[in-house]
Amino acid sequence: MELAKNLQTTINRSYGKTDLYVDLAQSISGVLLIGFLWMHMLFVATIVVSPELFNTLSEGLDRYYLAQVGIPATILLIIVHIFLALRRAPVRLRDMRITYRMAKMMNHYDTWVWVGQVVSALFVGVMASIHLWIILGAWPLRAATSAARVASTGPADATWGAFTFPFFIVFYVIFLIAGEYHGGFGLYRILVKWGWWERHTMGWVLKGITVIIVGLGIAALYTFTQIAASLPAGGVIH
Amino acid sequence: MGRQLTISCFRYNPNIPGDKPRMQDYKLEEYEGMTLFVALNDIREKLDPTLMFDFVCRAAICGSCAMLINGRPRLACKTMTRTLPSRFTVMPLPVFKLIGDLSVDTGTWFRDLQVRAEAWIHTNKKFDFNALEVRMDNKIAEDIYDPEQCIECGCCVANCITANIRPDFIGSTGINRLYRFLIDPRDERTDAEYYEVIGNEDGTFGCVGLMACDDMCPKEIPLQENLAYVRRKMAAAGLKLTFQGVKIS
């Protein structure tokens, strides 16, 4: 056994704890972000119950500085998560080619889902930035301002004559689906990597939750357009 | 009359100067109970003696005949041709070094893995030739039996995107191998010592969780459970480590 002991001391270099911390931080930031996302969608869906409830909640978040602290914290968390998760993604062209070929050749469900996660991450990253930019420019958030924003037909209608297109509805439907897809399957993957549960059952539970949240989001968007239609002059941009 | 099978085989011998990778079709008649292993032997016997592929046991124990069958890594000897369409492809496993046609060198890869993962029992007990073997608890023996079934066929390495794009990743088979020693009471290594071996990006923290290994393992080893166990165990060990140098002994 002396040989074995010598091998252990000579072959291995000490990796320290960085790899562990980084992996753990990626999972924790992911869990926090999906927690935020689901809570956000539940809060937004209060519009379906009544605009008054939505406004009360929104005013409460402002009054107790939850929004003022929560939004910068979430932005920071997103940036951290991007950096941590990016080291997993195939970033070199060679890696992308291998990933795509393997996924296509094996046609394995979970592998394809992960490719989808990488793609949806790009959508979420860009669209979350746009979303944040717009809502922060139209502070404070209330039922009327949100409705006007969702229903607005974008800057094109002012310059392009009669041309109108519901940019924001399309934007938010894509954003909603991409976000929930990325988050839902992200949580699935975190639980697969760390958890005790059989993944097929767990996958169906998470898919169920995701469908419900997407449903709530669509219902909220629809309610916003209805509110916007009832506003004077069809609401204002932002 | 059985079905007419068309097997599209990858052909390339790196040892022949000027040889080019290509797909070659072989037609043969299927018969009752035919496995791909039998079909490939038929081809070599009757159609083309130059076709290279590996096999030893023809009973899913040696792990030699793993190859991409219609794109998925499987054992040729455990694949009945009747489960496949009448035309299908066979290609060598990726990641491993190609010897020729369908034959790859998994040995070098696994040898390297065993050394890096220190895949042997570490103990200070002196072996007594005259003493009776110490009895093992039945529950532990059964727990060890699961990961121990790994035949090192390389399917879980071939179907892992991480193993494909990161050459140093020890793969599902490597983590499963360490799991086998982690739960073996005869191995006297502390968690901190195990952490030194796989508590890093090339080991347990490198796994992305794509679970192709779990879905396609020919021995149906519960890899999801085993990998998650090692990850939790190593995270716990890592968070407690002080790193004033890990003690051996």
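Here is how names work: the chains are called A, B, and so on, in the same order as the sequence lines, proteins then strands, and each is numbered from 1.
- Residue B/Glu220 places its CD atom among 12 or fewer non-hydrogen atoms of other residues, nucleotides or ligands, all under 6.0 Å distant.
- If you measure heavy-atom distances from A/Ala85 to chain B, you find no contacts under 4.5 Å at all.
- Between chain B and the options A/Arg87, A/Gln26, A/Glu198, the largest number of non-hydrogen pairs under 4.5 Å is found for A/Arg87.
- Nearest heavy atom pair, residue A/Gly195 against residue B/Ala228, reads O-CB, 3.4 Å.
- Atom NZ of B/Lys97 is surrounded by 12 or fewer heavy atoms from other residues, nucleotides or ligands within 6.0 Å.
- When B/Gln224, B/Arg231, B/Glu225, B/Met234 are compared by the number of non-hydrogen pairs under 4.5 Å with chain A, B/Arg231 comes out ahead.
- Heavy-atom proximity under 4.5 angstrom to chain A picks out B/Gly206, B/Cys207, B/Val208, B/Gly209, B/Leu210, B/Met211, B/Ala212, B/Asp214, B/Asp215, B/Met216 from residues 206-218 of chain B.
- Contact count against chain A (heavy-atom pairs under 4.5 Å) is highest for B/Arg166 among B/Arg166, B/Lys126, B/Met91.
- Distance check, rounded to the nearest 0.5 Å: CZ of B/Phe205 to NZ of A/Lys17 gives 11.0 Å.
- A cation-pi arrangement, defined by a distance under 6.0 Å to the six-membered ring centre and an angle within 45 degrees of its axis, is absent between B/Arg232 and A/Trp194.
- The existence of a salt bridge linking A/Arg88 and B/Glu201 is confirmed by a sub-4.0 Å separation between a basic side-chain nitrogen and an acidic carboxylate oxygen.
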Worksheet item: Taking it one step at a time, do B/Ile161 and A/Asp95 satisfy side-chain contact (heavy atoms from CB on, under 4.5 Å)?
Response: CA-CA 9 Å; B/Ile161 299 286; A/Asp95 297 349; over 6 Å; no

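- Atom CD1 of B/Ile165 and atom CE of A/Met96 lie 10.0 Å apart (nearest 0.5 Å).
- Smallest separation of non-hydrogen atoms from A/Met105 and B/Leu68: CE-CD1, 3.4 Å.
- Looking at A/Trp196, both its backbone and its side chain come within 4.5 Å of chain B, counting heavy atoms on both sides.
- The heavy-atom pair separating A/Asn107 from B/Arg72 by the smallest distance is O-NH2, 3.0 Å.
- For the pair B/Asn159 and A/His108, the minimum side-chain heavy-atom distance is 4.5 Å or more.
- For the side-chain contact (heavy atoms from CB on, under 4.5 Å) with B/Asn200, the qualifying choice from A/Leu20, A/Asp19, A/Asp23 is A/Asp19, the only one to do so.
- Using a 4.5 Å cut-off between heavy atoms, A/Arg94 contacts chain B through its side chain alone, with no backbone atom that close.
- If you measure heavy-atom distances from A/Tyr21 to chain B, the contacts under 4.5 Å come from the side chain alone.
- Using a 4.5 Å cut-off between heavy atoms, B/Pro73 touches chain A through its side chain atoms alone.
- Contacts of A/Arg199 with chain B are made by both backbone and side-chain atoms, with heavy-atom separations under 4.5 Å.
- Around the OH atom of B/Tyr12, the shell of radius 6.0 Å holds more than 12 heavy atoms that belong to other residues, nucleotides or ligands.
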